[in-house]
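Step one of this worksheet: look at the structure below.
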There are 2 protein chains.
Amino acid sequence: MMAEDKMKLENQICFSLYATTREMTKLYRPLLADLDITYPQYLVLLALWDSSPLSVKELGGRLYLDSGTLTPMLKRMEKVGLIERYRSREDERKVLIGLTKEGRDAEQKAACIPDLLLENIDMNEEQILQLQHTLQRMLEGAREKGEGL
Amino acid sequence: MMAEDKMKLENQICFSLYATTREMTKLYRPLLADLDITYPQYLVLLALWDSSPLSVKELGGRLYLDSGTLTPMLKRMEKVGLIERYRSREDERKVLIGLTKEGRDAEQKAACIPDLLLENIDMNEEQILQLQHTLQRMLEGAREKGEGL
DNA sequence: CGCCAATAAATTGTGTACTATTTAATTGTG
DNA sequence: CACAATTAAATAGTACACAATTTATTGGCG
């Protein structure tokens, strides 16, 4: 690639990531409107449906988010009754996040979302798996490089 | 893939996008610290270095952002002297965004950023181009599907 | 036991994103 | 020409995201 092209917006791999992520997130919005949650909140529920309760720390480890982002988001989710927050007995520093009945019930309502979303992507399973693999490699690489910052 | 796996966080293609985008953005931070700008502000400058002035609308078209996001960001960039904002003479509805001398000079300082960033990615050119192509197809698809929302 | 470094959340402050609404300028049509 | 529909930005309000700091708890270790 020629030198000047490296400064073109459309050749920036990270701009493609940035723009695509936001556009894909918009596709989730109508699917999540039913549950009255945002996309990051949906990710929190996915993590909790897989395993709960989780401490804020553990949740942050899975979502790559810190308490500065999670604490206010979790308080909002608690207020609408999807989750509950309580201190761990064994270690009072930890705040555990558990699902309420409403939060557990939401899993059934959300079960169709992955398929509905895939309908909006004009890619076959092989292409998606390939993309997934590339992104995960990139993610791990970025986390290694970014460690000491 | 089995049905229950579709609800696993780590199998969500959009979660990979979301997490990777944020981690890659973090890699830019030290590179942009010199210029004292954020990653979205860097994208604005890339667009303007390619072509300026641009109206808020045109800029939004390139970055996939609307005035609700751009207006406050551009005002911050104006305040630190990177850009200037002024109404178009031909169409007073349009606010044109131009580069100041400082904004133009920043291009030289930023010229090394694409290469420095690529050093942090353990992928060859072919893999990057392939990823770029996949993401652009996904982006266009998402924009079509999301049009009427 | 007492103290101190380490850990977990919460808090503070700044900067995006996005929806919905408002304001102002322009265009198209009768 | 009048005037409604359209267009461009700005504004208002909510919700992330993240760096930096603060507060509370815990686990050593002398």
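A note on names: the letters A, B, ... follow the listed sequences, proteins ahead of strands, and every chain is numbered from 1. Here the structure is a predicted model, which means the values were calculated and not measured.
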Given atom CD of B/E92 and atom C1' of C/dA24, what is their separation to the nearest angstrom? 10 Å

Going by side-chain hydrogen bond (donor to acceptor under 3.5 Å, both in side chains), name the pairs with one or both residues in residues 51-64 of chain B, residues two or more places apart or in two chains. B/S55-B/E58

When the distance from OH of A/Y86 to P of D/dT25 is rounded to whole Å, what number comes out? 19 Å

Measure the acute angle between the ring planes of B/Y42 and B/Y28, then classify it against the limits of 30° and 60° as parallel, tilted or perpendicular. tilted

Is there a side-chain contact between B/Q136 and B/E140, using heavy atoms and a 4.5 Å cut-off? no

Euclidean distance, atom CD1 of residue A/I97 to atom C1' of C/dA8 [Å, nearest integer]: 12 Å

For residues 105-118 of chain B, which side-chain N or O atoms pair as donor and acceptor with protein atoms under 3.5 Å away, sequence neighbours left out?
residue : atom : partner : partner atom : Å
B/D105  : OD1  : B/K101  : NZ           : 3.4
B/D105  : OD2  : B/K101  : NZ           : 2.6
B/D115  : OD1  : A/K6    : NZ           : 2.7

Out of D/dA9, C/dA17, C/dA24, whichever nucleotide has its closest atom nearest the side chain of B/R93: C/dA24

Counting only side-chain nitrogens and oxygens, does B/Y18 get under 4.0 Å of the OP1 or OP2 atom of D/dC16? no

Residue B/R87, side-chain atoms from C-beta onward, closest of C/dA6, D/dC16, D/dA9: D/dA9

Under 4.0 Å between a side-chain N or O of B/K75 and OP1 or OP2 of C/dT14? no

More 5' along DNA chain C: A/V95 or B/T69, using each one's nearest nucleotide? A/V95

Return the residues of residues 33-62 of chain A meeting this criterion: a heavy atom under 4.0 Å from some atom of DNA chain C. Order them by number, or give none. A/S55, A/V56, A/K57

Separation of atom CD in A/E90 from atom P in C/dT7, rounded to whole Å: 19 Å

Look at all strands and tell whether A/L65 reaches a base, only sugar-phosphate, or nothing, counting heavy atoms closer than 4.0 Å. sugar-phosphate

Which class fits the ring pair A/Y39 and B/Y18: parallel under 30°, tilted 30 to 60°, perpendicular over 60°? perpendicular

Round to a whole Å and report the spacing from CG of B/L27 to C1' of D/dC18. 15 Å

N/O donor-acceptor pair under 3.5 Å between A/S16 side chain and B/Q132 backbone: no

One thing to verify: whether B/K75 and B/E78 come together as a salt bridge, which I'm taking to mean a side-chain N less than 4.0 angstrom from a carboxylate O. no

According to a strict under-4.0 Å criterion, is A/R76 in side-chain N/O contact with OP1 or OP2 of D/dC16? yes

Round to the nearest Å and state the distance from A/L74 atom CG to C/dT11 atom P. 13 Å

How long is the line joining CZ of B/R89 and C1' of C/dT26, in whole Å? 18 Å

B/K94 NZ to D/dT7 C1': how many Å, rounded? 10 Å

Exercise: identify the closest heavy-atom pair between A/R87 and A/R93: NH1-O, 3.1 Å

Out of D/dA19, D/dT25, C/dA10, minimum distance to the side chain of A/D66 belongs to D/dA19

Given C/dC18, D/dT26, C/dA9, the nucleotide with the shortest approach to the side chain of A/T71: C/dA9

Pairing nucleotide - C/dA6, Watson-Crick or G-U, each distance under 3.5 Å: D/dT25

Taking the minimum atom-to-atom distance to the side chain of A/R85, which one of C/dC18, D/dA17, C/dA10 wins? C/dA10

